[in-house]
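A short write-up of the structure that comes next.
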Amino acid sequence: MAGNAASAGVSVASRLLALLGAFDTEHKRLTLSDLSRRAGLTLPTTHRLVGELVAWGALARRADGEYEIGRRVWDLGLLAPVHTDLRQVAAPFLQDVYAATLATVHLAVRDGTQVLYLDRMSGRASVQIISTMGSRLPLHATGVGKVLLAHAPEDVQAEVLANLTRVTPYTITQPGRLMEELHRVRLEGYAQTAEEMGLGACSVAVPIHDRDKTVIASVGIVVASLHRDRARLIAALQVAASGISRSIEY
């Protein structure tokens with residue numbers, strides 16, 4: 001009997017996780033039918049479990065009947081030590097970069113084959129972009145993502161290179177060309193994009209290292225053009241990254 005109860009417990013947990021896993025950057029809002037299909041569950045089971053997730057705050061039901069990830073999931077994510085500590089340590093340095101440029105500043109880490117934005121600072125003078133705190137975007141089309149991809153394990157690089165999606169007409173989708181750029185990122189210590197994630201938006205980013213010189217995150221900035229200010233922006237980001245690296249506690 002105990003074994004059956006344990007199996008049932010695992011089964012329910014797997015189904016709940018499948019429902020949460022149905023959401024991604026391209027599927028931020030889903031109907032009950034969509035959730036059922038993407039999670040591989042029957043509609044009655046989906047209806048019952050979604051009701052429990054909504055009651056707990058893991059999912060939220062919109063006025064149009066679609067569902068989206070609830071705030072409680074994000075709140076829990078912020079408790080992850082590496083993310084919480086890194087955001088707290090990085091905050092004053094991001095503020096310095098933002099104050100000096102009034103442009104959008106990002107702090108990001110790699111999450112599998114995507115870049116996860118831990119923090120973002122922007123104002124009225126910032127370029128319009130689609131990233132938000134907690135969002136995930138392609139590694140190969142973003143400045144912070146390219147930095148993280150350049151220093152990612154070979155199997156991660158291979159998976160990304162095999163699935164280069166085009167976001168704008170300027171997104172690099174040729175594996176050979178991207179490999180050359182990642183090599184340059186490792187040599188020169190910074191990455192850049194030119195309207196590869198969004199039209200009218202260019203970015204530059206640098207790595208953040210831990211005490212073992214392992215790249216653990218990236219800090220970047222998004223502007224309308226890099227032609228005149230690239231060197232100044234890179235210098236500001238490198239100062240910030242160095243300060244963050246020195247301030248991280250282990």
Side-chain angles (χ1 to χ4, degrees), residues 24-28 94 97-98 100-152 154 156-208 215 217-238 240-241:
D24 57 30
T25 54
E26 296 181 357
H27 302 87
K28 295 181 179 180
L94 301 184
V97 176
Y98 172 71
T101 63
L102 297 180
T104 299
V105 184
H106 287 136
L107 173 69
V109 295
R110 183 175 63 83
D111 184 14
T113 57
Q114 295 180 308
V115 55
L116 169 62
Y117 290 85
L118 296 185
D119 209 346
R120 165 184 157 169
M121 295 184 182
S122 60
R124 288 180 295 179
S126 301
V127 175
Q128 290 293 321
I129 54 177
I130 64 174
S131 65
T132 59
M133 191 169 70
S135 66
R136 291 171 173 80
L137 293 176
L139 286 168
H140 69 284
T142 59
V144 286
K146 285 184 182 180
V147 167
L148 297 168
L149 181 59
H151 296 278
E154 291 185 1
V156 173
Q157 292 186 5
E159 184 174 354
V160 172
L161 289 167
N163 298 278
L164 296 177
T165 56
R166 185 178 301 280
V167 184
T168 77
Y170 304 101
T171 307
I172 297 176
T173 57
Q174 301 84 9
R177 181 181 169 193
L178 184 59
M179 287 179 64
E180 291 178 359
E181 185 160 340
L182 296 180
H183 178 66
R184 183 195 61 75
V185 171
R186 290 188 291 269
L187 285 178
E188 299 182 1
Y190 72 92
Q192 63 183 21
T193 65
E195 299 187 286
E196 295 169 45
M197 191 68 229
L199 297 179
C202 302
S203 68
V204 63
V206 303
I208 298 173
V215 174
S218 179
V219 58
I221 192 167
V222 181
V223 293
S225 173
L226 291 171
H227 293 310
R228 292 170 46 186
D229 296 328
R230 181 186 292 104
R232 180 177 66 87
L233 295 175
I234 291 172
L237 290 172
Q238 288 174 334

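Note that the numbering runs from 1 along the sequence shown for the chain. No experiment lies behind these values; they were computed from the predicted model shown.
Annotation for Glu154: atom CD does not count as buried by contact number, only 12 or fewer foreign heavy atoms lying within 6.0 Å. Within 6.0 Å of CD on Glu188 lie more than 12 heavy atoms contributed by other residues, nucleotides or ligands.
To the nearest 0.5 Å, atom OH of residue Tyr117 and atom OG of residue Ser218 are 9.0 Å apart. The line from OG1 of Thr101 to CG of Asp229 is 9.5 Å long, rounded to the nearest 0.5 Å. Here the CG atom belonging to Leu182 is positioned 4.5 Å from the CG atom belonging to Leu149, to the nearest 0.5 angstrom. For the atom pair Arg177 CZ and Ile172 CD1, the distance stands at 4.0 Å (nearest 0.5 Å). Here His106 contributes atom NE2 and Leu237 contributes atom CG; the two are 12.0 Å apart, rounded to the nearest 0.5 Å. Expressed to the nearest 0.5 Å, how far OG1 of Thr113 lies from CG of Leu139 amounts to 6.5 Å.
Heavy atoms only, all atoms of each residue included: Val105 and Leu94 are closest at CG1-CD2, 3.8 Å. Contact detail for Pro207 and Gly189: the closest heavy-atom pair is CD-O, 3.3 Å. The shortest non-hydrogen separation linking Thr104 to Ser122 is OG1-CB, 3.3 Å. Closest approach of Ala108 and Val115 over heavy atoms only: CB-CG2, 3.4 Å. The two atoms that bring Leu148 and Arg110 nearest to each other are CD1-N, 3.4 Å, heavy atoms only. Taking every heavy atom of both residues into account, Gly112 and Val156 meet most closely at O-CG1, 3.8 Å.
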Practice item. Take Leu118 and Leu116, measure what side-chain contact (heavy atoms from CB on, under 4.5 Å) needs, and give me the verdict at the end. Key: CA-CA 6 Å; Leu118 296 185; Leu116 169 62; 4.0 Å; yes

Practice item. Starting from the C-alpha separation in whole Å, work towards a yes-or-no answer on side-chain contact (heavy atoms from CB on, under 4.5 Å) for Tyr170 and Met197. Key: CA-CA 8 Å; Tyr170 304 101; Met197 191 68 229; over 6 Å; no

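Judged by distance alone, with hydrogens and angles left aside, the side-chain atoms of Thr168 form a donor-acceptor pair with the main-chain N or O of Glu195 at under 3.5 Å.
Between Val206 and the options Val185, Ile221, Val219, a side-chain contact (heavy atoms from CB on, under 4.5 Å) holds for only Val219. Of the residues listed (Gln192, His140, Glu196, His151), the one engaging Lys146 in a side-chain hydrogen bond (donor to acceptor under 3.5 Å, both in side chains) is Glu196, and it is the only one.
Taking the side chain as every heavy atom from C-beta outward, Asp24 and His27 approach each other to under 4.5 Å.
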